[in-house]
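Below, chain A is the first sequence line, B the second, and so on; all start at residue 1.
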Amino acid sequence: MTSHPAIHPTILTVENLHKTYRLGRVDVPVLRGIDLTVQRGEFVAILGASGSGKSTLLHLIGGLDKPDREPRSNIRFDGEPLGRGGRLDSYRASAIGFVFQFYHLLPELTVLENVTIAAMARHRWGWWRQRSVVVPQARALLERVGLGHRVKHRPAELSGGERQRVAIARALINRPRMLLADEPTGNLDRQTGDSILDLLIEIQRETSQTMVVVTHSAATAQRADRVVRLEAGRVVEVPDLVAAGLAV
Amino acid sequence: MYQLLLTRRYLTSKIMPLLASLAVVLCTAMVLITWSVMGGFLKKFVASGRTMTGDVVITWPNTGFPHYDDLITRLKADPMIAAATPVIEAFGLIQLPDGRNETVQIRGIHGPSYAEVTAYGDILWWKPLDKPVPADKKAQDPRVDPKLKDLMGRLEEQGRTLTRINPDTGQAEGAVVPGIEVSGFNQREVTGFYTPKVLLERRKDGTTRAVDVFLPRNGEVILNVLPLDTEGQAVQTVTRRLPVANEFHSGVFEFDKNIVLIELGVLQDMLMMDEALRAVDEPAAPTAGDGGESFAGTPPAQAMEIEPARVTHVYVRGVGDLSTFGAADPLRIRCEHIYADFAADHPDVPAEWNIRILTWEDLNRTMINAVRTETTVVLVVFSFISLTAVFLVLAIFWAMISEKTRDIGVLRSIGASKGGIAGLWLGYGLAIGIVGSVLGLAAAYTIVININPIHEWMGQALGLQIWDPRVYYFVKIPNEVEPDRAAIVFFGGLFCSVGGALWPAIRAANMHPVKALRFE
């Protein structure tokens with residue numbers, strides 16, 4: 001009999017997560033012992049007011065930032081603790097896809113290059129071998145997000161919604177196991193924001209993509225499988241948005 | 001691989017990297033031009049020193065030494081020695097057809113053997129040319145004129161033998177070959193050739209007439225020399241009117257302005273250094289007086305004896321290329337041994353510890369060291385100035401990284417490592433260095449190769465003459481770019497550029513990803 005590595009139904013486990021920022025001589029605690037689990041294929045919305053630490057939590061989950069040394073925090077992804085240094089780089093490159101509020105596209109690159117650059121960062125020297133596979137995938141992704149006809153355009157030539165679509169394609173090009181979106185509709189008008197959210201949800205449904213979306217919008221949150229709320233640096237589960245008075 | 005893509009995009013979409021490249025262009029071009037000209041000056045100086053003297057010189061100035069034929073035979077028999085030739089060096093006055101007197105160095109040579117030791121055949125100016133010099137696009141050089149081909153051929157032959165046929169007697173007479181700048185009768189053209197001048201002479205009746213002063217055709221000069229006796233004492237001035245056989249152009253202004261070559265036999269005759277039956281003083285012999293005691297007051301008796309011909313120098317050319325520094329030293333040592341044997345067999349020549357045997361490097365040591373020092377100092381100064389490129393690149397990169405902070409955060413968010421970010425900016429610095437160095441080298445090459453036309457143009461258009469041959473020794477500015485020097489300057493440019501990018505690259509690599517993403 002051959003054994004297969006167990007596939008955890010829980011893709012992310014966060015235990016006792018603390019994060020404190022130092023502003024001058026003052027320590028400002030932002031996260032005060034976050035406990036959170038995310039199931040594979042789940043769409044979780046993290047809701048909270050501005051400054052509640054939503055983005056900080058997302059950055060910590062995504063390996064862009066490090067939790068406080070004391071008290072000891074624990075972030076596990078697919079059952080493995082997040083590493084440090086090179087392992088974190090590799091984690092960000094292959095396991096995680098980020099979508100930011102302000103798109104963060106590289107202005108000198110075309111739409112297609114903005115998507116493939118994530119694959120370049122992942123494959124490094126192996127890019128030359130992967131290129132023939134990845135570039136058609138990037139084109140297909142851009143078709144999927146409705147920008148197949150704009151692959152040679154620069155970000156400056158796109159609308160806000162189109163830029164966010166490119167950012168989504170970039171986040172998905174490496175087939176990440178978890179998509180982290182930080183206020184993906186926060187910089188868009190309502191109609192465009194809804195279309196972006198529709199797109200994200202469609203993709204999540206089609207591919208059973210695990211997705212954690214940070215938002216302060218109850219409208220966005222109510223379309224998630226599960227909503228958690230950050231209050232005073234801690235997670236409060238919101239089983240029912242209507243009951244919590246957050247439904248739009 | 002994103003580094004290559006971004007480097008390419010940043011290079012072509014930003015003005016700041018172009019400024020950084022421009023700094024590298026200017027610095028590499030400045031250093032290479034300086035090094036090429038100064039280094040070329042030294043190289044040309046070395047080559048020119050050998051052009052007219054060969055590799056080693058055996059010399060006993062003023063009075064000279066006899067039996068030189070035997071010495072030359074012994075030298076030529078040695079496997080280290082390719083050729084040797086007798087020479088007399090003396091100073092004199094030359095009177096030109098317009099009445100001017102110029103002090104010159106007179107060098108008596110034997111044309112054929114002198115050409116074997118030196119580049120004499122090459123430096124003879126008036127000779128037929130198949131094609132004009134490169135800059136002479138209109139082929140105005142008289143040497144390429146088909147109508148003058150016969151004349152030029154005759155002049156070349158005259159130059160090689162330092163003789164000219166006397167139209168009255170039909171006999172070949174010993175003649176002189178002055179440097180092309182001695183007479184002042186040749187106009188140096190911008191394109192690099194000489195045109196004989198035509199002088200206008202005013203007659204007594206007020207009219208003028210054109211006078212052909214092309215000396216090698218039918219001109220004569222008057223040479224005045226001062227012979228010395230075997231004790232080195234001046235005897236009497238000897239004056240002789242001599243035809244001009246040709247003119248030489250060594251490219252060294254000092255030589256071309258001050259040296260007059262003359263057929264060896266003629267100069268030996270003028271300086272009384274030829275083989276001749278001469279009266280020599282004999283020591284006073286004891287004479288019996290009336291009282292039978294000796295009498296020492298009798299004037300010395302004079303006897304007649306054949307005195308062998310003398311020369312002041314023997315020039316020697318070694319086998320192979322001895323143009324590098326120190327290469328001629330073994331040949332000098334060999335010549336010392338040969339001369340010692342020669343002196344042992346001839347008691348009337350200077351002893352081996354008296355004779356001076358010098359390499360071309362010894363002869364020019366003072367000037368070579370001065371030029372070497374000057375070249376080094378100028379290079380060091382310019383290299384220090386070029387270091388400003390490092391700080392310029394640093395400042396530009398620092399500003400660019402500040403501008404690109406958010407992009408760095410984005411790259412970190414998609415998995416770029418710290419090393420990858422540092423590599424991006426170092427690679428970018430390298431690319432700027434490559435672009436700047438390549439363009440700098442191209443600019444330097446273009447300028448150095450065309451430095452003489454540029455200089456001529458500056459002289460004509462702006463009235464500037466930076467390179468005065470009377471000061472800088474050579475008629476032309478050295479215009480060769482050495483590949484090894486270009487390579488060193490190229491890598492220096494890369495070093496400056498990458499060095500300037502290093503600190504900003506480290507700063508970029510150490511940026512906190514979240515702070516970078518939130519940067520405004």
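Within the 4.5 Å cutoff, no side-chain heavy atoms of B/V514 are placed close to those of A/T56.
Going from atom CZ of A/F100 over to atom CZ of B/R518 covers 10.5 Å, rounded to the nearest 0.5 Å. To the nearest 0.5 Å, atom CD1 of residue B/I414 and atom CD1 of residue A/I173 are 11.5 Å apart. The CG atom of A/N114 sits 9.0 Å away from the CG atom of B/L5 when rounded to the nearest 0.5 Å. Note that OH of B/Y2 is 12.5 Å distant from CG of A/L109, once rounded to the nearest 0.5 Å.
In this structure, chain B has no heavy atom under 4.5 Å from any part of A/R131. B/K418 touches chain A through its backbone: at least one of N, CA, C or O sits under 4.5 Å from a heavy atom, while the side chain does not. For a residue to count as touching a neighbouring chain, one of its non-hydrogen atoms must lie under 4.5 Å from one of that chain's; by this rule A/T116 does not touch chain B. With a 4.5 Å cut-off on non-hydrogen atoms, A/Y103 does not touch chain B at all. Contact of B/I408 with chain A is not made at all, since no heavy-atom distance falls under 4.5 Å. Heavy atoms of B/L517 lying under 4.5 Å from chain A belong to its backbone as well as its side chain. When heavy atoms are compared at a cutoff of 4.5 Å, B/R412 approaches chain A by way of both its backbone and its side chain.
For the residue pair A/R124 and B/S417, the shortest heavy atom distance occurs at NH2-CB, 3.9 Å. Here the closest heavy-atom approach between residue A/A121 and residue B/A416 is recorded as CB-N, 4.3 Å.
Ranking A/M120, A/H59, A/H104 against chain B, the residue ahead of the rest is A/H104, based on heavy-atom pairs under 4.5 Å. Contact count against chain A (heavy-atom pairs under 4.5 Å) is highest for B/S413 among B/G419, B/S413, B/G409, B/G420.
Within a 6.0 Å sphere centred on CZ of B/F325, other residues, nucleotides and ligands contribute more than 12 heavy atoms. With a 6.0 Å radius and a threshold of 12 heavy atoms from other residues, nucleotides or ligands, A/H153 has its NE2 atom above the threshold. By the neighbour-count criterion of 12 heavy atoms within 6.0 Å, atom CZ of A/R22 is densely surrounded, having more than that number from other residues, nucleotides or ligands.
Checked against A/E108 for a side chain to side chain donor-acceptor pair (under 3.5 Å), the options B/K404, B/R8, B/R9 give a single hit: B/K404.
With sequence neighbours excluded, the residues satisfying side-chain hydrogen bond (donor to acceptor under 3.5 Å, both in side chains) with B/S402 are B/R507.
When the heavy atoms of residues 387-400 of chain B are compared with those of chain A, none of the residues falls under 4.5 Å.
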